[in-house]
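Worksheet: one structure, shown below.
All heavy atoms count here, side chains included; hydrogens, waters and symmetry mates do not. Every chain is numbered from 1 and lettered A, B, ... according to where its sequence line falls, protein lines coming before strand lines.
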Amino acid sequence: MLVATWNVNSIRARYERLSRWLSSHQPDVLCLQEVKVEEKAFPFEAIREAGYNVEVFGQRTYNGVAILAKGEMTEVQKGFPKDAFDDQARFIAAKVNGVRVVSIYVPNGKVVGSESYEYKLRWLFQLKRFLEESEISSGDIIVCGDLNIAPNPGDVARPQQWEGSVLYNPEMRSEFTELLALGLADTIGKRFPDGGIYSWWDYQQLGFQLGNGLRIDHILASRGLAVRCTDAGVDREERKGKLPSDHAPVWAMFETT
DNA sequence: ATGGTTGCTTAGCAA
C-alpha cells in the first residue's frame, strides 16, 4: 500500500500537477492539505475519473484538507470531535483498507509567542487528545500531513538560521516527540536517519533555489504498521519546474498483509 | 542584500 501526503497550496492552481502525479505514482491513499476551496467547488468529478474516492473538509481561501483513496472510505470525520474552538478546516480522517487515515494541516504559527502560535499549541493539544482517544495500540493508524514542525537538526538545511522559528524550536521538537510517544513512528525519519531530506522550501526566500529546505511534512504510522514500511521518501522532483507547490509529496510504502 | 514568491481575491492576508 502506497500512502502519500502533499500540501498542494491550492488544488485548483495545482490540479494539472496533481493529476499527473496520481497517474504516474498510483498511490493507494493520498492526503492533501491546503486545497483552499469549499467542497462545492472541489474538482470531485475529475478525481473520481482518475480512479479515486474523495473525502474533503473544504474551506474558502485558506486551509482545507482531503483524502483520496482507491479503496472505499468509511467512518469519515471532519474536524476534531466536539470541536468548539476550531472553525478552520485542518483535520479529516477516514478508514481505508482497515487503516485509520488522518490528513492534517497543523497551523503554521507565524511567530513564537504570537496569537497564531498559541493557536498552533492549542491545535496540537487537540491532536494529541484525539490520538490518545484513538487507542493507537489496538489498530493501524497513519497520521499524514503538513505538521509545520521540523523534528531534528538533520531535517533543516540551515538549522542555525531556523532555530527559534515556529517550525523549528525546542517546544515544537518536544511536541513532535510527544506525538511519537503516543505510539507513532516517523517513517521518513527512520528511513533517513542522517537527515538531509526536506519537504518544504519557502517561496519568499527562494528556498528551493538556495537549497534551504525543511522536513515539515510527515507520515507517522502506528508501530504495527511502521514495521511493515518497506520504503519511504520525498518526491523532490515535484518541487521543480513551473509553478510548483512550496511542498513536495511525501510517501511511504507498506507491505500489505 | 533584512530582500525575494505565490495564491486567493481583489488590497490585504497567509504562508
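Under 4.0 angstrom from either OP1 or OP2 of B:dA15 there lies no side-chain N or O belonging to A:K110. For A:R14 and B:dT6, the shortest distance from a side-chain N or O to OP1 or OP2 is not below 4.0 Å.
Where A:N108 and A:Y203 each meet DNA chain B at their nearest nucleotide, the meeting point lying more 5' is that of A:Y203.
A:N97 places no side-chain N or O within 3.5 Å of a backbone atom of A:V99 that could act as its donor or acceptor partner.
Going from atom CG of A:L147 over to atom C1' of B:dA15 covers 16 Å, rounded to whole Å. Across the protein-nucleic acid pair, A:L243 atom CG and B:dT5 atom P stand 13 Å apart, rounded to whole Å. Straight-line distance from the CD atom of A:E16 to the P atom of B:dG7: 13 Å, rounded to whole Å. Going from atom CZ of A:R60 over to atom C1' of B:dC13 covers 13 Å, rounded to whole Å. As rounded to whole Å, 12 Å separates atom C1' of B:dG7 from atom CD of A:Q204.
For the pair A:I142 and A:I219, the tightest heavy-atom approach, listed with the atom from each and the gap, is CD1-CG2, 3.6 Å.
Comparing B:dC13 with B:dT9, their C1' atoms sit 10 Å apart, to the nearest whole Å. Here, B:dA1 and B:dG12 have their P atoms 32 Å apart, quoted to the whole Å. Atom C1' of B:dT10 sits at a distance of 15 Å from the matching atom of B:dA14, rounded to the whole Å.
When heavy atoms are screened at a 4.0 angstrom cut-off, A:R239 is found touching no nucleic acid atom at all. Across all strands, A:F208 comes closer than 4.0 Å to no nucleic acid atom at all (heavy-atom distances).
Side-chain proximity of A:Y62 to the nucleotides B:dG7, B:dA15, B:dT5 is greatest for B:dG7. Checking B:dG4, B:dG7, B:dT9 against the side-chain heavy atoms of A:R12 singles out B:dT9 as nearest.
Relative ring orientation between A:F208 and A:W201 is described as perpendicular, the plane-to-plane angle rising above 60° on a 0-90° scale split at 30° and 60°.
Because its NZ or CZ atom is both nearer than 6.0 Å to the ring centre of A:Y105 and within 45° of the ring axis, A:R90 counts as a cation-pi partner of that residue.
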Kindly determine whether A:D217 and A:S199 satisfy side-chain hydrogen bond (donor to acceptor under 3.5 Å, both in side chains), including the steps that lead there. CA-CA 6 Å; A:D217 300 87; A:S199 66; 2.6 Å; yes
